[in-house]
Amino acid sequence: MKDKMPPLSRRKFLKTSLAAAAISAGAGSPLVKSLVPRAHASGARPPGQITSHYTACDMCFNRCGMIARVQNGVITKIDPNPAFLKSRGMLCARGNAATKHIYDPDRLKYPLRRAGKRGEGKWERISWEEALDYTAEKLLEIGEKYTRCGVMFIPGSDMQSQFVNRFAEVFGSYNITSHETLCLLSKNRAYLDTIGEVPYPDVYYSKYIIVAGANPFEAFITPDTMDFFEARKNGCKIIVLDPRFTKTAAMADEWYQIKPGTDMAFFLALCHVIAKEELYEAEGCCPVNTYGFEEFFLHIRKYTPEWAEKECGIPAQDIARIAREIAAAAPAAMVYPGRRTSDYEDSTQIRRAMAITNALLNNFDKPGGLLAIREVGVKTPYYDVPWYDDNPFDRVEAGLVPGLIDHEGSFQLMREAIISGEPYPIKGWFNFKTNFMQTAANRNKTIEMIDHLEFIVNIDIAMTDTAWYSDVVLPGASFLERKDPVSALQGSSACACAVFRDPVVPEMFESRSPFWICKELSKRMGLADSFDFTIDEYRRQQVDGLEGAMEAMENMGVYYNPSKTYGIYAGSPLKTLTGVKEIFNQRYEASGVDPMPVYRRPKQPAENQFRLVVGRTAFFTHSNTNNELLTEFMEENTLNIHPEPATRMGLSDGDLVEVKSKAGQGRLRLEFTEGIEKQTVYTATGFGALSPEMSLVHNKGASISELLEDYHDEISGNMAMHETFVSIRKVA
Ligand SMILES: Nc1nc2c(c(=O)[nH]1)N[C@H]1C(S)=C(S)[C@@H](COP(=O)(O)OP(=O)(O)OC[C@H]3O[C@@H](n4cnc5c(=O)[nH]c(N)nc54)[C@H](O)[C@@H]3O)O[C@H]1N2
Ligand SMILES: Nc1nc2c(c(=O)[nH]1)N[C@H]1C(S)=C(S)[C@@H](COP(=O)(O)OP(=O)(O)OC[C@H]3O[C@@H](n4cnc5c(=O)[nH]c(N)nc54)[C@H](O)[C@@H]3O)O[C@H]1N2
Ligand code: SF4
Ligand SMILES: [Mo]
């Protein structure tokens with residue numbers, strides 16, 4: 001692979017040498033010397049040859065194509081892979097900061113076993129042998145005492161998560177849940193129940209896009225983020241609805257400061273205008289191939305723009321105009337489906353209203369609309385899942401909400417079940433690469449759940465808050481040190497692709513991959529057959545039948561096999577019950593759920609209370625804040641508040657306040673922001689870490705996960721993070 005890569009241009013070489021120089025300058029400290037193997041003291045050695053290595057970024061789930069440059073055994077610089085269409089040859093600030101991810105002084109170095117109380121921070125260093133023997137013994141013990149389903153598995157979002165999943169299944173637990181239950185399940189539910197699949201937005205070719213409850217110019221989603229810029233240059237009109245004036249709002253043609261939780265009112269009124277004025281009969285828009293259009297037409301009679309204005313605060317004439325404009329641009333127009341929809345208790349219905357608007361725009365499977373998801377055809381190698389006679393009938397939270405996505409579950413409902421012990425006990429937790437102490441609402445409740453567990457094993461790269469409360473902490477190898485299986489990235493036909501990773505540098509310290517860990521554990525648990533393969537053998541099975549895939553990934557860092565992009569469903573039924581777009585959902589009706597979205601006014605904060613909303617910054621991924629290069633952009637989180645209510649309460653910009661909800665409290669400095677709705681406040685995620693080994697964010701700002709109360713979407717069980725009201729008091 002390395003030989004076939006283009007040589008570095010002189011300009012790139014200079015940049016690379018400068019980056020290397022920066023590292024060697026910092027290499028003076030013994031800490032950095034011990035962290036950076038073979039970092040050369042300046043002038044002591046000739047600058048080694050620079051080698052280049054394809055890999056895929058892991059600083060967030062997008063997995064953009066990367067080329068890592070290595071000199072004297074140290075990764076000195078990272079460049080984007082121009083052949084990687086999905087990321088449009090882009091690498092964001094976080095991707096560039098991956099050097100500080102691998103060479104982070106706070107990295108976990110050896111296996112540790114808890115020696116004091118949970119959260120007390122007393123650890124003993126143990127050997128891998130001991131760590132694996134002990135973990136295997138504890139997992140088997142829980143299986144014996146309770147059942148195999150007595151262990152909860154959270155396999156993270158990673159190219160190796162499939163091995164943790166496989167391990168969970170062969171061990172015998174169905175209680176596998178994911179970070180998706182804190183993220184996008186309500187959106188997935190809504191689109192599955194409207195068009196039969198979760199579509200992919202064709203942003204690049206769109207002429208008109210409404211972005212509601214998403215911030216793609218800060219929350220990077222590839223290729224959408226880059227395509228928004230291109231679409232805009234090509235004349236696409238972008239309308240943003242957000243209670244905050246975000247970067248996306250700043251780049252939009254129009255921004256409306258919608259009242260939080262009222263998006264459904266806006267979209268039902270939009271549909272009202274489209275239906276009443278028969279705009280769907282204008283070119284491109286029509287209600288054919290839908291189920292329940294007539295009922296819907298009657299249902300939305302009362303949802304007029306004038307009514308919606310009173311709910312969402314957006315002027316009626318603007319709603320009517322936007323309806324006419326978007327209908328005229330259809331089908332190359334869309335309501336952007338968004339990603340994180342863990343917002344409200346009726347988030348699935350809010351997203352259903354958006355999906356139905358898309359159905360009226362008749363934009364599915366068309367250029368500039370919503371596309372059928374495509375994958376390149378990577379296979380999941382087969383494995384046998386053993387049967388355990390004493391296992392319960394179903395996963396622990398089965399049936400608690402009508403639209404639970406079976407293979408994801410709901411972390412919050414599972415947490416509840418662990419605390420109550422009903423319907424059956426869960427006493428173990430196997431965690432890989434999630435940090436739910438910082439990312440799941442109501443941290444105190446997560447601690448309460450932990451109090452009910454007998455054993456927690458955690459594979460992470462750092463001593464996160466979740467690791468801090470674990471019993472055995474295993475140092476994970478970073479993506480730059482690992483050999484990973486092939487990963488298929490979904491997208492449209494043009495950018496769906498496959499990648500793998502080879503180690504750019506060897507594993508540092510005693511860190512190991514989840515594959516190795518699962519394999520070693522399986523040997524100790526009588527499950528060795530399930531992991532009796534190498535990554536190379538596994539990869540070959542994955543790409544079996546995909547001609548040229550292996551070579552493309554080796555020589556270009558990525559494999560594509562484009563085919564038809566639009567009209568994939570032409571003449572064939574959708575994957576819904578009726579085979580057409582379901583505006584009226586019969587399954588919802590059968591299970592007592594509103595078959596068409598019914599607007600209910602959101603709860604309102606009392607006087608001098610504020611709704612707390614979450615959202616991302618361009619430079620952090622969730623709780624991955626402990627990165628020296630990135631904390632330069634934000635050293636601690638602040639509470640964004642509108643100056644008007646704050647001043648009325650006698651508060652000033654920069655004041656230290658105590659923020660309190662029913663779930664917890666924290667201290668934050670106020671940051672006056674004109675661009676936030678007056679009864680809404682916002683703070684960034686990933687601060688106020690309990691673990692002192694997250695040294696850059698420990699005791700810095702406050703943890704929003706402590707403040708967020710425990711609500712979930714009533715249909716999917718997805719977390720609901722915008723239902724919390726807080727009060728604010730100045731700290732003397
Ligand atoms: N307050 C708040 N909560 C949120 C959100 C929010 O915006 N605000 N967003 C929600 C959303 S959309 C999501 S998707 C979830 C995400 O929830 P999580 O998946 O819990 O989020 P992360 O903080 O990204 O956790 C990733 C963990 O992986 C570890 N890690 C990183 N790289 C490696 C590696 O190479 N090897 C190993 N072994 N470990 C590694 C990191 O140290 C970190 O502990 O959070 C949700 N919760
Ligand atoms: N830089 C960066 N990029 C990321 C991530 C990251 O952590 N950092 N995480 C990745 C992941 S896992 C995900 S899921 C995506 C998330 O991508 P997005 O969903 O686009 O990200 P958020 O920042 O959560 O954006 C939600 C927006 O909704 C607004 N909002 C709050 N309440 C309401 C409301 O009632 N109505 C409306 N209309 N708007 C409201 C918030 O102010 C916020 O700006 O980003 C991905 N990309
Ligand atoms: S968007 Fe940024 S952090 Fe995410 S994979 Fe791409 S480069 Fe990495
Ligand atoms: Mo997410």
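Whatever order the structure lists them in is the order used to number ligands and atoms, beginning at 1. Quick note: residue numbers are just sequence positions, from 1.
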Side chains of Asp713 and Ser716, donor plus acceptor under 3.5 Å: yes
Arg339 charged N/C atom sitting above Phe61 aromatic ring, 6.0 Å / 45°: yes
Numbering as shown, the atoms of ligand 1 that approach Ile704 to under 4.0 Å (heavy-atom distance): 1 (N)
For atom 36 (N) of ligand 1, the protein heavy atom that lies nearest, with its residue and separation: Ala477 O, 3.6 Å
Short side-chain donor-acceptor distance under 3.5 Å, Arg94 and Thr621: yes
Thr466 and Asn435 side chains, donor-acceptor separation under 3.5 Å: yes
Ligand-side contact atoms (ligand 1) for residue partner Phe432, heavy atom cut-off under 4.0 Å: 37 (C), 38 (N)
Nearest neighbour in protein (non-hydrogen) for atom 15 (C) of ligand 2: Arg339 CD, 3.7 Å
Ligand 1 N/O within reach of Asp460 N/O, cut-off under 3.5 Å: yes
His722, portion touching ligand 2 at heavy-atom distance under 4.0 Å: side chain
Enumerated ligand 1 atoms positioned under 4.0 Å from heavy atoms of Phe479: 35 (O)
Closest approach of any protein heavy atom to atom 4 (C) of ligand 2, naming residue and atom: Phe220 N, 3.5 Å
Which of the ligand 1 atoms, numbered from 1, are nearer than 4.0 Å to a heavy atom of Thr685: 1 (N), 2 (C), 6 (C), 7 (O), 8 (N)
Part of Met721 within contact of ligand 1 (heavy atoms, under 4.0 Å): side chain
Under 3.5 Å: N/O of Gly261 near N/O of ligand 2: yes
N or O contact, Leu241 vs ligand 2, cut-off under 3.5 Å: yes
Any N/O pair Thr439/ligand 1 closer than 3.5 Å: yes
Ligand 1 atoms in contact with Leu708 (distance to a heavy atom under 4.0 Å): 1 (N)
Ligand 2 atoms in contact with Thr617 (distance to a heavy atom under 4.0 Å): 1 (N), 2 (C), 8 (N)
Heteroatom proximity flag, Tyr344 to ligand 2, N/O under 3.5 Å: yes
For Ile459, the ligand 1 atoms whose distance to one of its heavy atoms is below 4.0 Å: 38 (N)
Of Gln160, Met159, His53, the residue whose pairing with Arg501 passes side chain to side chain contact (heavy atoms under 4.5 Å, CB included): Met159
Qualifying residue for ring pair (Phe, Tyr, Trp, His ring centres under 6.0 Å) with Phe620, from Phe220, Phe687, Phe633: Phe687
Verdict with supporting geometry, Tyr303 and Tyr599, ring pair (Phe, Tyr, Trp, His ring centres under 6.0 Å): CA-CA 9 Å; Tyr303 296 131; Tyr599 181 78; 7.1 Å; no
Glu628, CD: over 12 other non-hydrogen atoms inside 6.0 angstrom: no
Ligand 2 N/O within reach of Asp263 N/O, cut-off under 3.5 Å: yes
Under 3.5 Å: N/O of Phe61 near N/O of ligand 2: no
Arg415 vs Asp710, salt bridge (Lys or Arg N to Asp or Glu O under 4.0 Å): CA-CA, chis, key distance, verdict: CA-CA 11 Å; Arg415 182 171 66 182; Asp710 185 20; 3.0 Å; yes
Shortest protein contact, atom 18 (P) of ligand 2 (heavy atom only): Ala219 CB, 3.7 Å
Pair Arg601 + Glu311, salt bridge at N-O below 4.0 Å: yes
Test item: Glu510 and Pro111 side chains (from C-beta on) under 4.5 Å apart, heavy atoms: yes
Numbered atoms of ligand 1 (with element) below 4.0 Å of Met719, judged on heavy atoms: 47 (N)
Nearest neighbour in protein (non-hydrogen) for atom 26 (C) of ligand 1: Lys433 O, 3.5 Å
Shortest heavy-atom approach to atom 42 (O) of ligand 2 - which of Leu184, Asp242, Thr222: Asp242
Ligand-residue contact atoms, ligand 1 with Thr464, heavy atoms, under 4.0 Å: 42 (O), 44 (O)
Proximity to ligand 2 by part of Arg94, non-hydrogen separation under 4.0 Å: side chain
N or O contact, Gly213 vs ligand 2, cut-off under 3.5 Å: yes
Arg340 N/O to ligand 1 N/O under 3.5 Å: no
Heteroatom proximity flag, Thr262 to ligand 2, N/O under 3.5 Å: no
Nitrogen or oxygen atoms of Asp158 and ligand 1 under 3.5 Å apart: no
Under-4.0 Å heavy-atom contact with ligand 2, by part of Cys183 that carries it: side chain
Proximity to ligand 2 by part of Phe620, non-hydrogen separation under 4.0 Å: backbone
N/O separation below 3.5 Å, Ser623 to ligand 1: yes
Residue, atom name and distance, where the atom is the protein heavy atom closest to atom 16 (C) of ligand 2: Arg616 NE, 3.5 Å
Lys603 atom NZ, neighbour heavy-atom count above 12 within 6.0 Å: yes
Atom 20 (O) of ligand 2: the protein heavy-atom neighbour that sits closest, reported with distance to 0.1 Å: Asn215 N, 2.7 Å
Atom 30 (N) of ligand 2 [closest protein heavy-atom partner, distance rounded to 0.1 Å]: Pro243 CD, 3.6 Å
Those atoms of ligand 2 less than 4.0 Å from some heavy atom in Ile258: 36 (N), 37 (C), 38 (N)
For ligand 1, the portion of Thr434 having any non-hydrogen atom under 4.0 Å away: both
